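Here the structure is laid out as structure tokens; the discussion comes afterwards.
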Protein chains: 4
Amino acid sequence: MTAGRRELTKSQNRQAILVAARQVFADLGFGAATVRDIIRATPLASGTFYNYFKSKEEVYQAIRDEVALTIVPRLQEERANAATAEEFLAASFGAFFEFVVAQQGEVRSDRPEASRLRLDTPEVVAGFGALRADLESAIARGLFPNIDPHFLSAAMAGVAFEISEQMLRRGCGAAPARDFATALFLGGIKALAPPG
Amino acid sequence: MTAGRRELTKSQNRQAILVAARQVFADLGFGAATVRDIIRATPLASGTFYNYFKSKEEVYQAIRDEVALTIVPRLQEERANAATAEEFLAASFGAFFEFVVAQQGEVRSDRPEASRLRLDTPEVVAGFGALRADLESAIARGLFPNIDPHFLSAAMAGVAFEISEQMLRRGCGAAPARDFATALFLGGIKALAPPG
Amino acid sequence: MTAGRRELTKSQNRQAILVAARQVFADLGFGAATVRDIIRATPLASGTFYNYFKSKEEVYQAIRDEVALTIVPRLQEERANAATAEEFLAASFGAFFEFVVAQQGEVRSDRPEASRLRLDTPEVVAGFGALRADLESAIARGLFPNIDPHFLSAAMAGVAFEISEQMLRRGCGAAPARDFATALFLGGIKALAPPG
Amino acid sequence: MTAGRRELTKSQNRQAILVAARQVFADLGFGAATVRDIIRATPLASGTFYNYFKSKEEVYQAIRDEVALTIVPRLQEERANAATAEEFLAASFGAFFEFVVAQQGEVRSDRPEASRLRLDTPEVVAGFGALRADLESAIARGLFPNIDPHFLSAAMAGVAFEISEQMLRRGCGAAPARDFATALFLGGIKALAPPG
DNA sequence: GATGAATGAGAATTCATTCAT
DNA sequence: TATGAATGAATTCTCATTCAT
């Protein structure tokens with residue numbers, strides 16, 4: 001029982017560090033974030049950090065791994081099951097925007113670069129690693145015309161990043177953002193024109 | 001004449017710092033970049049940095065100002081003269097990709113986050129400040145349908161960032177990148193399908 | 001118990017810094033003293049200084065506060081209880097010279113200005129802040145004739161500083177210094193003439 | 001003629017540095033004063049400083065020498081000619097207070113230690129070097145009773161320093177200060193009581 | 001000589017990491 | 001294991017001094 005309690009606490013501490021690190025990386029980026037920033041956002045003491053992670057790099061990697069193991073597979077499955085380009089796009093953008101909303105990336109920094117969403121964030125790096133592969137497979141299945149998959153996945157990633165920032169600023173939900181991005185990729189600005 | 005030589009050297013040193021700072025910011029981002037990194041990328045001594053700039057923030061601002069004073073006005077003019085959405089898009093994307101090519105953003109860092117183009121870079125922040133205003137004006141002129149300009153400019157920025165990274169990796173020129181992005185915004189994936 | 005030991009060590013380190021700072025300020029004065037000088041006079045590492053004080057100014061202030069809270073009240077009480085001018089003077093000078101002896105201000109520097117007692121020392125600034133007020137009160141009680149209290153307190157301070165330096169050089173105790181200063185203020189050079 | 005002009009300029013520059021250095025030393029003390037502070041208080045360029053003085057120490061020494069060669073001899077002569085203790089004291093204090101007034105030591109610093117007159121100033125160090133010797137001679141001549149000359153000269157120096165600060169704050173001339181100090185040394189607080 | 005930019009040693013400060021408790 | 005103070009290397013910045021013009 002004591003062991004159980006301990007295990008629980010251990011797990012909770014590790015989780016607390018991961019949550020704090022996500023917030024701090026989103027806020028400051030990997031480069032500017034310090035271990036102190038992370039631990040300050042936690043009820044723990046500085047030394048405790050090193051009971052769970054060897055370094056800042058390791059937390060970064062751990063977040064990346066976590067995302068890669070939980071969110072990415074779900075997303076890959078949805079994409080694999082997509083019957084149309086629209087489903088593929090809506091699933092991809094929808095998952096990303098919902099993830100961003102869930103993270104509640106409250107940007108509060110006053111640094112000059114903080115005016116835009118941080119890309120040097122573990123989730124983001126992990127999250128889009130699989131996109132191109134999925135896109136290639138979708139092209140092979142005939143969901144998409146034969147477009148350069150590097151450029152297309154890059155464009156999707158860019159739209160996702162920037163639109164998500166707008167979404168947070170505006171406080172709107174994930175749905176409008178998803179619909180906008182999906183329509184843009186399906187039909188360009190014509191498809192975005194208001195009906196009528 | 002003596003003064004002339006001195007002025008020249010002075011100007012050259014300032015320029016050397018600016019060039020080095022651009023490279024370092026592109027490499028590491030604002031947060032992770034250090035003044036030492038900048039000065040190390042220069043033949044100058046450490047103290048010399050402070051003859052020209054008070055801090056890292058100040059170089060950042062100086063680059064931003066320079067970009068805002070040189071590139072942005074040209075871009076704004078081209079956009080103002082655009083007769084069609086295609087011209088507007090091609091001018092915007094073309095200018096950005098050519099700028100990126102000119103900067104030769106040789107990504108060489110080994111830090112985990114460096115795998116993607118840095119957005120917290122002075123040029124980028126400055127460069128897209130004016131886009132939304134130009135877009136609103138273009139919508140008013142009837143070049144674009146009545147699309148949410150926040151979302152649309154965000155999408156353009158995102159595509160520009162990410163495509164430019166691909167462009168650099170692939171070593172292709174600015175033209176293919178510009179054409180891809182323009183076509184995407186004009187007609188979506190259908191417009192991107194290879195002819196035939 | 002664990003906490004007790006830690007607290008002790010913490011307190012000891014803070015004390016070590018304060019002691020070293022006193023010595024360094026006495027040696028070099030506030031202006032020339034560096035944080036490095038202080039920490040070098042200590043077995044601690046450079047970063048440890050900043051666990052206790054934010055800056056040189058803050059140690060200075062801390063010493064001043066300490067003096068103001070311990071020595072000054074005792075001195076004020078003795079002065080308030082003085083029944084004669086002689087008691088007032090002897091208490092003031094006696095306290096100061098004893099304080100200086102206790103500090104063991106071993107002047108050892110080789111800088112040109114170090115040949116005289118440093119006045120820009122936190123103890124000294126704090127110590128004489130209250131003198132004039134006490135003097136005014138003593139004049140009101142009739143202990144002193146109606147002398148300009150600004151000049152009189154200034155003169156007392158000056159004599160205290162300079163005599164204390166002589167005292168240290170000569171290695172004599174506080175008593176002769178106190179007697180000399182008291183006699184000087186009571187009756188001038190006549191009162192200082194050796195008996196007979 | 002050209003040579004004459006140059007000589008003049010040379011002399012003027014040297015003088016400008018000396019004047020500026022006096023002010024800066026009085027303001028900040030030797031330790032905190034920087035060569036930049038001195039040169040900033042001058043119309044000259046930084047490099048020019050080193051055409052006249054090898055270092056900060058050397059200006060300090062130069063001021064000391066100048067004082068020792070001009071003011072001290074006059075003072076020594078006056079003291080040697082003094083027929084009474086009062087003349088000796090009045091000459092000593094009078095000379096010092098007039099010197100301080102002439103220097104116009106406008107204290108304007110905001111540093112914690114700046115609230116009192118700087119003693120680590122070349123003039124002060126030089127000026128009181130000769131006092132004790134003169135005092136010993138005066139005792140030998142019978143002007144003063146047989147008082148410990150170390151203590152007595154220290155007391156005179158201290159009173160001179162501190163009273164001069166009061167004098168400057170109050171904006172009164174040198175005469176009241178001289179009279180106060182002289183009376184104090186002649187007869188103590190009794191001699192300072194207002195007549196009647 | 002005069003100038004003022006360049007230099008680089010050194011001072012102030014931060015921060016990842018260690019370690020005694 | 002948790003703690004948080006200590007550590008010292010790395011960073012930012014200052015300043016005496018040099019040197020090309």
Side-chain angles (χ1 to χ4, degrees), chain A residues 2 5-7 9-10 13 32-40 42-57, chain B residues 1-14 33-40 42-57, chain C residues 1-14 32-40 42-57, chain D residues 2 5-7 9-10 13-14 33-40 43-57:
Chain A
T2 299
R5 267 270 291 292
R6 255 202 217 138
E7 280 313 301
T9 304
K10 249 177 81 172
N13 283 349
T34 71
V35 172
R36 289 185 137 171
D37 291 329
I38 296 171
I39 214 64
R40 239 184 263 127
T42 259
L44 303 172
S46 63
T48 305
F49 179 92
Y50 293 90
N51 289 337
Y52 295 100
F53 303 98
K54 264 210 286 288
S55 66
K56 193 171 68 159
E57 274 77 10
Chain B
M1 216 166 202
T2 297
R5 263 286 272 294
R6 267 231 282 276
E7 280 313 301
L8 185 62
T9 302
K10 225 180 107 170
S11 177
Q12 280 174 341
N13 283 346
R14 192 188 146 91
T34 71
V35 172
R36 287 188 117 168
D37 291 330
I38 296 172
I39 212 66
R40 242 184 258 127
T42 258
L44 304 172
S46 65
T48 305
F49 178 90
Y50 295 93
N51 289 341
Y52 295 99
F53 303 99
K54 269 210 282 287
S55 65
K56 193 173 67 160
E57 275 78 10
Chain C
M1 215 167 202
T2 297
R5 263 285 273 292
R6 266 231 283 276
E7 280 313 300
L8 185 61
T9 302
K10 224 180 110 171
S11 177
Q12 279 173 341
N13 282 347
R14 194 187 144 90
T34 71
V35 171
R36 289 188 117 169
D37 290 330
I38 296 172
I39 212 65
R40 243 185 258 127
T42 257
L44 303 172
S46 65
T48 304
F49 178 90
Y50 295 93
N51 289 341
Y52 295 99
F53 303 99
K54 267 210 283 289
S55 66
K56 193 173 68 160
E57 275 78 11
Chain D
T2 298
R5 266 272 288 292
R6 253 203 219 137
E7 280 312 302
T9 303
K10 248 178 81 172
N13 283 349
R14 193 186 147 90
T34 72
V35 171
R36 289 185 137 172
D37 291 329
I38 295 171
I39 214 66
R40 238 183 264 128
L44 303 172
S46 63
T48 305
F49 178 91
Y50 294 90
N51 289 336
Y52 296 99
F53 302 99
K54 265 210 286 286
S55 66
K56 194 171 68 159
E57 273 77 12

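In this text, all values refer to a predicted model and were calculated from it rather than measured experimentally. Note on naming: letters A, B, ... go to the chains in the order of the sequence lines (proteins, then strands), and numbering restarts at 1 for each one.
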Enumerate the protein-to-nucleotides 17-19 of chain E contacts in which both atoms are nitrogen or oxygen and the separation is below 3.5 Å.
unit_1	atom_1	unit_2	atom_2	d
dT17(E)	OP2	Y50(A)	OH	3.1

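- Nearest to the side-chain atoms of A45(B) among the listed nucleotides dA11(E), dT11(F), dT7(E) stands dT7(E).
- Using a 4.5 Å heavy-atom threshold, the side chains of F53(A) and V35(A) count as separate.
- A close approach under 4.0 Å does not occur between any side-chain nitrogen or oxygen of N51(D) and OP1 or OP2 of dG1(E).
- Applying the side-chain contact (heavy atoms from CB on, under 4.5 Å) rule to S46(A) yields the partners I39(A); only residues at least two apart in sequence or on another chain are considered.
- Between atom CG of residue N13(A) and atom OG1 of residue T48(A) there is a gap of 7.0 Å, rounded to the nearest 0.5 Å.
- Atom CZ in R14(B) sits roughly 12 Å away from atom P in dA6(E) (whole-Å rounding).
- Sequence order on DNA chain F of the closest nucleotides to A33(B) and P43(C) puts P43(C) first from the 5' end.
- Sorted by first then second residue, the salt bridge (Lys or Arg N to Asp or Glu O under 4.0 Å) pairs that include residues 42-55 of chain A, not counting sequence neighbours, are K54(A)-E58(A).
- Atom CG of L44(B) is separated from atom P of dA5(E) by 14 Å (rounded to the nearest Å).
- A search for side-chain hydrogen bond (donor to acceptor under 3.5 Å, both in side chains) contacts involving R40(C) returns D37(C), not counting sequence neighbours.
- The CD1-C1' distance, from I38(C) to dA11(E), rounds to 12 Å in whole Å.
- The side chain of N13(D) contributes an N or O atom lying less than 4.0 Å from OP1 or OP2 of dA2(E).
- Applying the 4.0 Å criterion to OP1 and OP2 of dA2(F), one finds that Y52(A) has a side-chain N or O inside that range.
- Residues satisfying the side-chain hydrogen bond (donor to acceptor under 3.5 Å, both in side chains) criterion with S55(D), sequence neighbours excluded, are absent altogether.
- Closest non-hydrogen pair, K56(B) versus F49(B), comes out as N-CZ, 4.3 Å.
- Here the CG atom belonging to L44(C) is positioned 10.5 Å from the CD atom belonging to Q12(C), to the nearest 0.5 angstrom.
- Secondary-structure annotation of DNA chain E gives the stems E:2-21 with F:2-21, with a stem taken as at least 3 successive Watson-Crick or G-U pairs whose two distances both fall under 3.5 Å.
- If you take CZ of R40(C) and P of dG10(E), they are 10 Å apart, rounded to a whole angstrom.
- Here the C1' atom of nucleotide dT7(F) and the CD1 atom of I39(C) are 11 Å apart, to the nearest Å.
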